[in-house]
Each structure stands twice: as structure tokens, then as C-alpha cells.
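Just so it is clear, the model here is predicted, and its values are computed rather than measured.
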Amino acid sequence: MKAVYERWQEVSVGLKDFLKQKAQELKTTISNSAALNYTDRYNGGAGAYYNLNSWNDNNYYNSLDDAYKVMNDFIPDRISYVQTEFKAQYDKLGCATLQECTEHDYQDCMFAHQTDGTYRRVCNICSEVETDGEAYYYFTVYPESSTTERVYAKSWTPGKQTPNAIATVDVDGSAVPEGYNIVNVRKNAAGKKTCADLRLVDGHPYYSVDNFVAAQASYERTVSNTWGTMILPFDLQQAENETASFFHLGEVATDEQGTQTLVMNAIDPDDAAKAAAGYTPVFFMAKNQAKTVKATAENVTVAKVGKKTIWEKSTVEGWTLTGVMQRTQFDVTTGNYAANDYYYINSNKFWHATGSLTTNPFRAYLWTPKTQGGVTARSLRIALGDEASSVKALSAENSLAIFASQGELSVVAPRAMDVSISTLGGVVLRKARLQAGERMNVQTAKGVYVVNGVKVIVK
């Protein structure tokens with residue numbers, strides 16, 4: 001009797017919520033099937049008609065909702081009944097060691113659920129709840145898939161399964177344990193689940209079971225090249241920061257020599273509506289030879305990933321940028337993949353994939369149907385489009401302002417400096433020493449040009 005009662009105290013923690021959740025899940029699972037119970041056999045149903053005497057005699061339910069309500073009401077009543085009956089037998093044992101003890105034993109103990117959502121240890125000898133000890137939490141951990149692991153812990157240690165694992169905990173706001181990647185499922189005043197600090201680690205898969213609001217969200221990546229691709233589960237509230245500028249694909253231009261160039265349109269950092277939205281793959285350009293690119297946001301909604309691991313954003317007809325949240329690998333020569341040309345970014349160019357294409361989390365690849373544009377390009381260059389009206393923060397001189405318009409390049413020097421404008425082939429069109437504030441205009445044919453190391457396209 002003692003063993004049964006004590007075991008019941010262990011397994012009954014959270015049992016009511018667990019069973020109700022399972023009942024709801026089962027209701028959802030069988031809803032389509034249940035509907036067919038009352039559908040005519042000629043229409044694919046079971047043809048069960050509850051106006052028959054046998055139906056009422058056997059107390060069958062008239063709808064799935066009726067059955068679910070009975071089960072939902074039964075769960076707490078049954079748990080309460082079992083608790084009362086087991087406790088009554090336990091109290092009859094009359095053993096003094098079960099009623100009191102001089103030294104509490106909390107090793108391998110069970111836990112008592114508190115009103116604030118935390119848990120306290122229970123003495124193995126007398127079942128007294130520890131009042132002065134540390135609070136424990138019942139975490140549900142979501143690693144890189146929909147599978148879960150439930151653990152008791154004093155605090156959540158990120159990275160137990162994967163650095164980007166999310167742990168959910170159902171506690172009052174004041175009781176949320178310190179740490180990051182913890183989602184409190186008790187909704188805030190706006191009815192949202194919350195996370196105080198979401199930190200995403202590059203290179204590891206990301207999975208989120210639900211939508212939530214992150215007070216702070218951050219991601220960073222070590223880079224060795226200037227250009228790269230990025231996709232995040234939250235909005236880039238500032239499309240431009242101290243480490244990088246972000247771009248959408250404007251077009252794929254072809255010059256007189258047949259060279260194809262990706263024309264990048266800068267995302268306006270002052271226009272929040274056009275900032276990079278969550279789950280939207282974008283291009284970035286590291287500033288000032290930065291070795292680390294960072295992206296941060298505040299009070300931002302993080303959408304659930306579910307089973308979907310890739311997101312496509314078509315910015316140019318026939319060309320699609322595809323971002324992934326988990327490592328993706330496929331052979332571009334087989335199946336449906338063989339109908340397209342795929343490109344991956346490396347050394348500031350997009351290179352044509354000829355075999356297996358691997359894309360790591362938070363990155364993207366570019367693809368286009370093979371019928372698009374005829375001959376397959378071995379590589380695609382990257383250049384700035386005329387929508388990037390002022391690219392002073394992107395130039396090798398950091399503060400040199402470059403303006404591209406139809407048939408003309410215009411450069412403004414903020415201080416005395418040497419300025420050189422040349423073709424991609426290295427032919428110098430204009431070279432001069434400009435004074436502070438001086439402007440130099442050069443009439444050009446359409447194509448891609450280099451201004452002090454910065455590629456700019458002129459239409």
C-alpha cells in the first residue's frame with residue numbers, strides 16, 4: 001500500500017493536463033473518421049443511425065463532441081477519486097515512520113506541483129514538501145525535430161540535445177528560470193507565449209513547436225567572404241547594422257560578353273515594412289571586412305517551424321532563392337532536381353552545382369529551370385543595383401558614396417581621396433584625385449563596373 005501510494009504521487013504529477021492533451025490530440029486525429037460514422041454508406045460512410053433502439057440502449061454517443069466531453073470530464077474526476085482512495089489506505093497503515101521523521105530524505109524523490117507552476121521535492125520518508133529548497137521546473141524540450149523530452153531541472157541548460165533546442169515551461173512570469181531558449185507557455189497580457197532570450201547558434205538545425213514572442217532574439221555567423229545568404233525565423237527589424245547590409249535579388253543581368261550578374265537591391269534600413277521578414281531568404285554583404293555577421297531583434301514574433309524546413313522567395317521571374325532551417329542535401333542530377341540549375345555561394349560568387357548540393361541551416365541556394373536563359377552559366381557574379389542609391393557603407397573606402405543611374409556613374413568623396421572607375425576586365429575609365437565633397441560623373445554604357453573595389457551595375 002505504501003509503495004502504491006508513493007508511486008501514484010510520482011506518476012500523477014501533471015497527469016491531468018497530459019491526459020487532457022492526449023484526448024484533444026486523439027479527437028483531432030479521428031475527427032474525419034468520426035464524421036463518417038453518421039454518413040450514409042452510399043457516400044462513403046458507416047451508415048450508423050442513432051435513431052435505432054439499439055443505439056440508445058447501448059448509450060452510444062451522438063457525436064464526437066459528446067464523447068470527448070464525457071472523457072474530458074471523467075479525467076479529473078477519476079484522478080481525484082484514485083488520490084482519495086489511495087490516501088485513505090495509506091493513512092490506515094499507522095506506521096510512525098510514515099507520519100514523521102527527524103531527517104528528511106530527498107534523494108531520488110518525487111515532486112509536488114506548486115501553484116506558480118514550479119515543483120518542490122517531497123521527502124521519501126514522511127512525504128513532507130520541501131519549503132526552503134530550490135524550485136524545480138518541468139521542462140518539455142524540443143530539439144531539432146518534433147520529438148520531445150520531458151525533464152525536471154533547477155534550470156535549463158541550452159545545448160543538451162542541440163544548441164538550438166527550445167525548452168517550454170509552464171510557470172508564472174516571476175518564476176521563469178534564468179537562461180535562454182526558454183519559452184513560457186503561460187501567455188502574457190497579449191495572449192502570446194514568451195521567450196526572454198532566444199539565441200540561435202549557427203550551423204545547427206532549428207525547430208520550434210509553437211509561435212512565441214521573443215523579448216530578445218539574436219544570431220551570429222563567422223564569415224570568411226564578403227557575400228552570403230541568410231534566413232532566420234524572426235524579422236530583421238533593422239535591415240542594416242554595423243556588421244552587414246542585406247539585399248533582395250533585383251534581377252539577373254547579362255552584359256555584352258554574355259556574362260550573367262546577380263543585381264542586388266538593398267533593403268532600406270529605414271523602411272520597416274520592407275525589412276527582411278522572418279523565413280524570407282536574403283543576401284547579405286559583410287561590412288568593413290567583418291569576420292562576424294550578427295542579426296538581432298527585440299519583441300519580435302518567432303513563428304513555428306513544424307515539419308516545413310525550406311522556404312522559397314522568388315524575387316525574379318524564373319529565379320528562386322530557397323532558404324533552409326535544417327541541413328539539406330540532394331543530388332541535382334536526379335529526379336525532379338535534374339530539371340533545374342542550382343547555384344551555391346562561395347568566394348563572393350554563385351557557382352553552378354554539378355553533383356550533390358548541401359545547404360546548412362540559416363542559408364539559401366539559388367535555382368532556375370534549365371529552360372531559363374539557354375546556356376548554363378558556370379558562375380554568377382554579384383553587383384549592386386541602382387536601387388542601392390547610396391552604398392557608402394559598402395565601399396572599400398567605407399565612406400565613399402556611389403550613385404548608379406541609367407548610363408551614368410556618379411561618385412562623391414567625403415574627403416580628399418583617389419577614385420578609380422574601371423570595367424570588370426580591368427580597363428580604367430577614369431581615375432582622379434577628388435577633394436572633400438567633390439563629385440565625379442562618368443557616362444557609361446550599361447554593364448558592371450568597379451569603383452574602388454566595389455562592383456556597381458549600370459542599366
Side-chain angles (χ1 to χ4, degrees), residues 202 221-231 243-267 281-291 293 312-316 318-324 328-330 332-333 337 340-360 362-370 372-388 391 394-396 402 404 422-427 446-459:
D202 184 48
R221 183 193 305 175
T222 300
V223 296
S224 56
N225 297 302
T226 303
W227 285 95
T229 58
M230 184 180 295
I231 181 172
T243 64
S245 292
F246 296 88
F247 302 81
H248 291 310
L249 179 60
E251 65 173 309
V252 179
T254 304
D255 61 18
E256 287 83 351
Q257 289 75 37
T259 302
Q260 289 182 299
T261 300
L262 302 175
V263 183
M264 300 297 173
N265 290 341
I267 300 174
V282 295
F283 305 87
F284 71 82
M285 184 178 186
K287 292 182 180 179
N288 305 328
Q289 299 181 335
K291 299 301 181 183
V293 171
E312 298 181 346
K313 178 66 175 179
S314 181
T315 54
V316 174
W319 291 85
T320 302
L321 186 65
T322 299
V324 304
T328 302
Q329 185 176 32
F330 56 84
V332 301
T333 65
Y337 298 116
N340 307 313
D341 285 318
Y342 293 87
Y343 292 85
Y344 61 94
I345 193 167
N346 185 37
S347 299
N348 302 321
K349 286 185 180 181
F350 272 87
W351 298 88
H352 183 240
T354 57
S356 178
L357 176 62
T358 300
T359 308
N360 287 323
F362 309 113
R363 290 160 174 79
Y365 57 85
L366 190 68
W367 65 273
T368 185
K370 286 186 180 297
Q372 190 78 19
V375 180
T376 299
R378 180 173 177 270
S379 65
L380 303 171
R381 290 182 171 133
I382 299 175
L384 300 176
D386 59 2
E387 289 188 24
V391 293
L394 306 179
S395 73
I402 307 171
S422 61
T423 66
L424 278 177
V427 177
K446 66 178 182 178
V448 181
Y449 299 88
V450 180
V451 181
N452 279 26
V454 177
K455 294 188 182 76
V456 182
I457 192 164
V458 176
K459 295 181 179 180

Could you check whether any side-chain heavy atom of Lys287 comes within less than 4.5 Å of a side-chain heavy atom of Thr243, counting everything from C-beta outward? no

Please tell me whether Tyr343 and Asp341 have a donor and an acceptor in their side chains that are separated by less than 3.5 angstrom. no

On the 0 to 90° scale, with breaks at 30° and 60°, tag the Trp227-Phe247 ring pair as parallel, tilted or perpendicular. tilted

With a 3.5 Å distance limit and no angle check, can you tell me whether Arg221 reaches the backbone of Phe362 through a side-chain donor-acceptor pair? yes

Residues two or more places apart in sequence or in another chain: which of them pass ring pair (Phe, Tyr, Trp, His ring centres under 6.0 Å) with Phe284? none

Between Leu366 and Leu380, does the side-chain contact (heavy atoms from CB on, under 4.5 Å) criterion hold? Intermediate values first, please. CA-CA 10 Å; Leu366 190 68; Leu380 303 171; 4.1 Å; yes

Given the rule in the side-chain contact (heavy atoms from CB on, under 4.5 Å) test, do Phe246 and Met230 qualify, once you have shown the distances and angles that lead to the verdict? CA-CA 9 Å; Phe246 296 88; Met230 184 180 295; 3.9 Å; yes

Treating Thr423 as the side-chain partner and Val427 as the backbone partner, does any N or O pair qualify as donor plus acceptor under 3.5 Å? yes

Heavy-atom pair of closest approach, residues Gln329 and Ser356: NE2-OG, 3.2 Å

Do Ser245 side-chain atoms and Met285 backbone N/O form a donor-acceptor pair below 3.5 Å? no

For Val332 against Ala353, the heavy-atom pair lying closest together: CG2-O, 3.6 Å

For Val293 and Ala244, work out which heavy atoms get closest and say how close. CG1-CB, 3.8 Å

Between Asn225 and Asn346, does the side-chain contact (heavy atoms from CB on, under 4.5 Å) criterion hold? Intermediate values first, please. CA-CA 8 Å; Asn225 297 302; Asn346 185 37; 4.1 Å; yes

Would Phe330 and Tyr337 count as a close aromatic pair, with their ring centres under 6.0 Å? yes

Does the side-chain contact (heavy atoms from CB on, under 4.5 Å) test come out yes or no for Lys349 and Ile382, once each step is laid out? CA-CA 6 Å; Lys349 286 185 180 181; Ile382 299 175; 5.9 Å; no

Across all chains, not counting sequence neighbours, the side-chain hydrogen bond (donor to acceptor under 3.5 Å, both in side chains) partners of Thr333 are Asp331

Less than 4.5 Å apart, side chain to side chain, heavy atoms only: is that true for Asp202 and Arg363? yes

Ring pair (Phe, Tyr, Trp, His ring centres under 6.0 Å) against Phe283, all qualifying residues, sequence neighbours excluded: Phe350

What's the separation between atom OG in Ser379 and atom CD1 in Ile345, rounded to the nearest 0.5 Å? 12.0 Å

When you measure from the side chain of Asn340 to the backbone N and O of Trp367, does any donor-acceptor pair fall under 3.5 Å? no

Got a donor-acceptor contact below 3.5 angstrom from the Thr229 side chain to the Ala364 backbone? yes

Ignoring hydrogens, what is the shortest heavy-atom contact between Val223 and Ala286? Give both atom names and the distance. CG2-CB, 4.5 Å

